[in-house]
Amino acid sequence: MRRFYAGGGPQQNGSVTLGVDETRHIRDVLRLRIGEEIAVFDGLGREFAARIDEILKKETRLTVIREIDPAAPESNLDLTLAAALLKSEKFDLVVQKAVELGVTRLIPLATRRTDVKLKDAGKRVERWRKIALEASKQCGRACLMDVAEPQEFAEFCRSRNGESGVILFAERSGSLFSEINALPKMTAVTGPEGGWDDAELELAKNVGFSLITLGGRILRAETAAVSIVSILQHRFGDLN
């Protein structure tokens, strides 16, 4: 079945209303008709089979038939990806793949060597959230990945001071991956294209982050973010 997003899920009477964007897709792109059955998810983990009752200009009204299992169950690992900002389509790729790989929340970071200004990144948040929504629809997840407002790396460090399970991946000065302990909730921190500044690595150590270096292989920043999430899901989550 075609999948659509209905924030908040069904009402008490079993009805669901889709917004203008989903309605446009139903009416103008897919040309679905009244009486057809589709799947709707609420972004919080629940999914339903529903029947189209009415297609209007700005909304579509549905009746829930039954609750169904999402095509892609959520990982048992509550994984946050705090990724340094990258230019345009590179960070778009990180957002999309993070959803596909089961990341719970994404935090864009402004570091000393990022080429994207924090003010400019703030204007792209809604775009990233739309990418996350579309990726959820395509990959079968019923939970929407939370995309946080961008923040400075120093602010992020202060907010996570002393928190367990925060792992910063660096091209130098780190320990072996085998030293990571399994936890139900983890945060992976990945750097910018220019790498981490020495002062940033020192700050991360001071607030209790675990620094890890993955051997000598050199990866692009977007590749590193996707690869690290994949490794963590394979090692501690459900990608096995």
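Residues: numbered from 1 along the sequence shown.
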To the nearest 0.5 Å, what is the distance between CG (L62) and CG (D53)?
7.0 Å

Atom pair CD/OG1 of E163 and T80 - distance to nearest 0.5 Å:
8.0 Å

Considering non-hydrogen atoms only, spot the tightest contact between T187 and A82 and give its length.
CG2-CB, 4.5 Å

Can you hop from F91 to V103 via hydrophobic side chains spaced under 4.5 Å?
yes

Do any pairs count as a ring-ring contact (aromatic ring centres under 6.0 Å, His included) and have a residue in residues 130-152, sequence neighbours left out, and if so which ones?
none

Evaluate the criterion side chain to side chain contact (heavy atoms under 4.5 Å, CB included) for residue pair E36 and L30; output intermediate values, then yes/no.
CA-CA 12 Å; E36 292 195 65; L30 299 176; over 6 Å; no

Before you tell me yes or no, could you show the steps for L56 and R61 under side chain to side chain contact (heavy atoms under 4.5 Å, CB included), namely the whole-Å CA-CA distance, both residues' side-chain angles and the distance that decides it to 0.1 Å?
CA-CA 8 Å; L56 304 174; R61 296 171 183 170; 3.7 Å; yes

Checking S136 against F41 for the side chain to side chain contact (heavy atoms under 4.5 Å, CB included) test, could you report, in this order, the C-alpha distance in whole Å, the side-chain angles of both residues, the deciding distance, and whether it holds?
CA-CA 10 Å; S136 294; F41 65 99; 4.3 Å; yes

Considering residues, nucleotides and ligands other than D69, do more than 12 of their heavy atoms fall under 6.0 Å from its CG?
no

Has S15 got a side-chain atom pairing as donor or acceptor with Q11's backbone, closer than 3.5 angstrom?
no

Exercise: identify the closest heavy-atom pair between R113 and G194:
NH1-O, 3.1 Å

Salt bridge or not between E47 and R3? Use side-chain N to carboxylate O under 4.0 Å.
yes

Same cluster or not: I107 versus I212, using hydrophobic residues (I, L, V, M, F, W, Y) connected whenever any side-chain heavy atoms lie under 4.5 Å apart?
no

Assigning hydrophobic clusters by single linkage (Ile, Leu, Val, Met, Phe, Trp, Tyr; side-chain heavy-atom cutoff under 4.5 Å), is L77 placed with F177?
yes

Counting heavy atoms not belonging to R172, are there more than 12 under 6.0 Å from its CZ?
yes

Please determine if R129 and E149 form a salt bridge, counting it only when a charged side-chain N lies under 4.0 Å from a carboxylate O.
yes

So, are R66 and E37 salt-bridged, with charged N and O less than 4.0 Å apart?
yes

Does one hydrophobic cluster hold both W196 and F209, with members joined at side-chain heavy-atom distances below 4.5 Å?
yes

For R127, does the CZ atom have more than 12 heavy-atom neighbours from other residues, nucleotides or ligands under 6.0 Å away?
no

Identify which one of E100, E74, E134 satisfies the salt bridge (Lys or Arg N to Asp or Glu O under 4.0 Å) criterion when paired with R141.
E74

Under 6.0 Å from the CZ atom of R2, do we count more than 12 heavy atoms belonging to anything else shown?
no

Determine yes or no for a side-chain-to-main-chain donor-acceptor pair under 3.5 angstrom, with T213 supplying the side chain and G174 the backbone.
yes

V207 and I180: same hydrophobic cluster, using ILVMFWY side-chain contacts below 4.5 Å?
no

Taking it one step at a time, do I131 and V99 satisfy side chain to side chain contact (heavy atoms under 4.5 Å, CB included)?
CA-CA 9 Å; I131 290 172; V99 172; over 6 Å; no

